[in-house]
Amino acid sequence: MVPLHYYLLVSALLFAIGVTGVLVRRNAIVIFMSIELMLNAANLSFVAFSRELQDLSGQLFVFFVMVVAAAEVTVGLAIIVTLHRNWKTIHVDAIRMLKG
Amino acid sequence: MDSAWLIPAFPFAGFLINGLWGRRLSKKRVGTVACGAMALAFLTALRLFWLLLQQAPDRRIWEPVYYTWIAVGEFSVRASFLLDPLSMVMVLVVTGVGLLIHIYSTGYMHDDPGYARYFAYLNLFACAMLLLVLAGNLLVLFVGWEGVGLCSYLLIGFWYEKRSASDAGKKAFIVNRIGDFGFLLAIFLTFWTFGTLQFSEIFQAAVQRFQPGDMVLTGITLLLFVGAVGKSAQLPLYVWLPDAMEGPTPVSALIHAATMVTAGVYMVARCSVLYALAPLSMGVVAAVGCATAVFAATIGLVQNDIKRVLAYSTVSQLGYMFLGCGVGAYVAGIFHLMTHAFFKALLFLGAGSVIHALGGEQDIRRMGGLRRWLPVTFWTFLAGSLAIAGIFPFAGFFSKDEILFETLMTGHGLLYTLALGGAALTAFYMFRLVFRTFFGESRMDPETAHHVHEAPGAMAVPLTILAVLSLVGGWVQVPILEDGKRFARFLSPVFESARGILAGTSEHGTHPSLWVEGALMGLSVMVALAGIGVAYRWYVADPQRPEKVAARFSRAYRWLLHKYYVDELYQAVVVEPLKRLAETVHEWVDRAVIDGAVDGAGALFRRAGAVLRRIQTGLVQHYALSVLAGVCLLILAALAV
Amino acid sequence: MELFLFVTFSALTVGSAAAVVWHPHPVKSALFLILSFFSMGGLYLLLQAEFIALMQVLVYAGAVMVLFLFVIMLLNLKPRGEDRAAFKVRVRWAVPLVLFFVGGVLTAVTGALARLAPAGSHGPDWVAAQGGNIRALGRLLFTRGLLPFEVTSVLLLVAVVGVMVLAKKERR
């Protein structure tokens, strides 16, 4: 049986890749994908702990995370479509409305 | 007696209604509200007067206390009134004459666009004036005092589009402020000395604790008199009153002749006990009064503006009132105050009627012969002139003669002579006015002459009533007769203690024989007649004469015409140095220090913002990065621990 | 054998995830993401979470990624890529920072692992008693997780309405 540590390490690496993606990419869709990566990293930890602790509740969490992720993706992609409609781009460095 | 508060409350209600909704009400409604408020106040005053008469003479003092207004440690002031014969007389004069002038104003101001504003101010003035005369302590009196000052300012500058009017309003306000400063100091000193501001307590303590001639009382009374000098336009602070004629004429009649300017006289009479204990102050009051009476009369001799002549005559007559108070003849002073209110209001309203008829013309050089067109105005104006000149049996005769008589009886021979000369001048300039305005050939331009019309009913009726009062108003105080001095008897409880003190310090109470009194009365009438006679010879019989006289005494004439250059003097001595001081302060303190500090603070934050705004890139990822950096810092902190 | 499968799947997962971030073209990023999700499904299988593995493939690799691809196609993005040089500079800065962060969290978590004890009232025996992972999970979902389950339905409804509002063209 593969120890918990290995899974946690994989999960951490996935999460790190996700954070890096959010930080370094300028394409809004890719940023979204990176967020999905982070969510999946969390899911992996959940399932790994579920096995380690001999409790099915961890998998239940993953189930809910998936639902939330699905909802989030639809809304997020809709926002991106709207952005593209109004700005003709989805590069976030071109969209700086928060600048004072 | 509980209804005393209603007297000022009615005009105040009128002020609120006309002030808040006056623009939306019709002119008729506005006039009804304003006059109705004054009528109700007058009726209430009459009812109180009736109740007062029901009491025994020594019990005719009520002091209704409404609530504790200020209470700070030792210092406590109650909002209280003092209703005694003195304030009753004042209330009746203010509400009665005020009512007549309100009615007159509905006619006079009929075509003015600021109709509602005018009546709101007028009602507010009545409220403040009634508060002043009803006040039971110095602080309430001060509130009324400032209130009438404010209304005076507002009404002088009523036609504020006119530069001269708004300037005159400011002048009145600022000159009054000098007097108010003295008055305030007097209030502070009173509280410091007596620990109370309540009239009854002050007077009681003064009689018990102080000897005549006490320095503190002299200080208080002199400071009070500074306030009175400002408000009642005496030397040297009289300069605002002639300029105050820029206001509408009924305002001049009500505020700058009949009521407000007499507040100083009222205040001195109210504090008669304190003055009686300070002989020096009384001397100052008498001297200033007499000097003003003659000084203003001489200026009045040569002025050509009908209202300005009346203004200087008001200053002069107020001087007589102070002379009366200064020699201890408080009854005579208040008596003259009352009769003066009648005939001076009448004269101003008559002048207003003339101005109204001539479409705003105020220069008597362009009048003349108006007797034919304005009979009602002429006869009533004549009655007023006879009254002010002091011709028997008009009201002014009794009051002015009593002041002169008392002046002589208290041993002020010089003041008597001067005041008698002033009386001759008064008769002369008043009849100069009458002859120039109503007699002789018309000197109007044809255009104006075409439009001349007699006053409408709303103006004619008050004129007639005031003319009657100017005739009979003096009969409440007839000398020589056994039962004649009703007015004095009515007022005597108020001045009892002051008279008692004076009797102890001087030769008061010695009463000369009836022959002497009669002879002196004859003398004053003779003097007045002489003045009228000269005026008749110069202005009716021989119209070239005045010019010859003026040419002969050209230097004196110029001095009088320019009012002794007092305004110019004040401008050079007081106004200009103050202006320069203000400019210096503006340049160095305001511009450099205050503006610099404010601008510096602004610039500091602007520059800080210019630096800090670079952090705000608008790029969401930078914000995410800073969050991450924050988490890393937290981890570092955890590792360090 | 298990370790071999684990290494393969995790290498695939992490590698393709890195490619998602690295690859300049969004469509290829999306395809790499699908690969990553697939191999993560394999990891779930190794963890005896059959239902989750199934869901991972169906929902993520299927539905969600189809949606991504749809949007990419819909927007018809121009190949005007990002500034690669600047991108590489950013990566050089971001990677150490992120690694420090993840490392810190990982240290904290593994430090706390010693204190963990199996609490399992819903352990393998119970799963076996229910007749398999899917049945057990379903039972758990409709007993213990009933309220969150219902709430997620509201969440989905909100998402549906929100997307409709956003996607609707503004009418003047």
Side-chain angles (χ1 to χ4, degrees), chain A residues 1-2 4-10 12-21 23-27 29-30 32-34 36-37 40 43-44 47-57 59-60 62-64 66-75 77-82 84-85 90-91, chain C residues 2-3 6 10 13-14 17-18 20-21 26 29-30 33 37 40 43-44 46-49 51-52 55 59 63-64 67-68 71-72 74-75 77 82 87 90-91 94-95 98-99 102 106 109-110 113 116 118-120 122-124 127 136-137 140-141 145 148 152 155-156 159 162-163 166-167:
Chain A
M1 207 168 79
V2 182
L4 176 66
H5 290 80
Y6 289 19
Y7 284 102
L8 286 184
L9 186 65
V10 173
L13 278 175
L14 268 180
F15 193 85
I17 291 169
V19 173
T20 315
L23 286 179
V24 298
R25 292 300 296 252
R26 292 290 187 254
N27 189 317
I29 291 182
V30 181
F32 241 104
M33 293 179 192
S34 305
E36 292 305 316
L37 278 177
N40 272 286
N43 281 354
L44 186 59
V47 177
F49 272 109
S50 164
R51 192 202 60 177
E52 182 73 14
L53 298 178
Q54 302 286 306
D55 194 327
L56 212 54
S57 305
Q59 298 188 19
L60 200 61
V62 173
F63 182 75
F64 288 125
M66 280 183 175
V67 176
V68 172
E72 177 242 344
V73 162
T74 47
V75 175
L77 286 176
I79 289 173
I80 287 174
V81 169
T82 316
H84 186 262
R85 195 185 293 152
I90 53 166
H91 282 227
Chain C
E2 195 191 345
L3 189 64
F6 170 78
S10 39
T13 308
V14 173
V20 168
V21 174
S29 288
L33 192 60
F37 285 165
M40 200 183 282
L43 285 177
Y44 288 150
L46 284 180
L47 286 165
Q48 291 126 34
F51 179 69
I52 298 298
M55 282 289 132
V59 175
V64 170
L67 201 59
F68 264 102
V71 170
I72 293 170
L74 187 72
L75 299 184
L77 290 174
E82 298 167 28
F87 171 75
R90 286 203 294 271
V91 169
V95 167
V98 172
L99 283 181
V102 171
L106 202 59
V109 170
T110 46
L113 277 183
L116 279 180
H122 306 286
V127 173
L137 201 57
L140 200 58
L141 189 62
T152 49
L155 182 77
L156 284 171
V163 168
L166 280 171

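Naming convention: chains lettered A, B, ... in sequence-line order (proteins, then strands); numbering from 1 in each chain. All values below were derived from every heavy atom in this structure, side-chain atoms included, with hydrogens, water molecules and symmetry-related copies excluded.
- Ranked by heavy-atom pairs shorter than 4.5 Å toward chain A, the options L113(C), V20(C), V59(C) are led by L113(C).
- Both the backbone and the side chain of M55(C) have a heavy atom closer than 4.5 Å to some heavy atom of chain A.
- For the set L44(A), V62(A), I80(A), L4(A), the count of heavy-atom pairs under 4.5 angstrom toward chain C peaks at L44(A).
- Residue contact with chain A, scored on non-hydrogen atoms closer than 4.5 Å, involves the side chain of T110(C) exclusively.
- Of the atoms belonging to L33(C), it is side-chain heavy atoms, and not backbone ones, that fall under 4.5 Å from chain A.
- Comparing T82(A), L60(A), L13(A) by how many heavy-atom pairs each has under 4.5 Å with chain C, the most go to L60(A).
- Considering only heavy-atom pairs separated by less than 4.5 Å from chain C, the leading option among V68(A), V81(A), T74(A) is T74(A).
- Both the backbone and the side chain of F32(A) come within contact range of chain C, with heavy atoms under 4.5 Å apart.
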Exercise for the section: Kindly determine whether F68(C) and E36(A) satisfy side-chain contact (heavy atoms from CB on, under 4.5 Å), including the steps that lead there. Expected result: CA-CA 11 Å; F68(C) 264 102; E36(A) 292 305 316; 4.1 Å; yes

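- Taking the side chain as every heavy atom from C-beta outward, R51(A) and Y7(A) approach each other to under 4.5 Å.
- Interface residue V21(C): backbone and side-chain heavy atoms are both found under 4.5 Å from chain A.
- Here the straight-line distance linking atom CE of M40(C) with atom CG of L47(C) works out to 11.0 Å at 0.5 Å rounding.
- Residue L67(C) touches chain A through both its backbone and its side chain, counting heavy-atom pairs closer than 4.5 Å.
- Of the listed residues (L155(C), L99(C), L140(C)), the greatest number of heavy-atom pairs within a distance under 4.5 Å of chain A belongs to L140(C).
- Residue I79(A) touches chain C through both its backbone and its side chain, counting heavy-atom pairs closer than 4.5 Å.
- Options L8(A), L37(A), L23(A) differ in how many heavy-atom pairs under 4.5 Å they form with chain C, and the most are formed by L37(A).
- Using a 4.5 Å cut-off between heavy atoms, S34(A) touches chain C through its side chain atoms alone.
- Here P148(C) is the residue among P148(C), G162(C), S10(C) with the most heavy-atom pairs under 4.5 Å with chain A.
- Using a 4.5 Å cut-off between heavy atoms, S57(A) touches chain C through backbone and side chain atoms alike.
- No side-chain donor-acceptor contact under 3.5 Å links R90(C) to the backbone of R25(A).
- Proximity to chain A (any heavy atom under 4.5 Å) is restricted, for F6(C), to the side chain, taken from C-beta onward.
- At a 4.5 Å heavy-atom cutoff, A63(C) makes no contact with chain A through either its backbone or its side chain.
- Once rounded to the nearest 0.5 Å, the distance linking CG of L75(C) with CD1 of I29(A) reads 5.0 Å.
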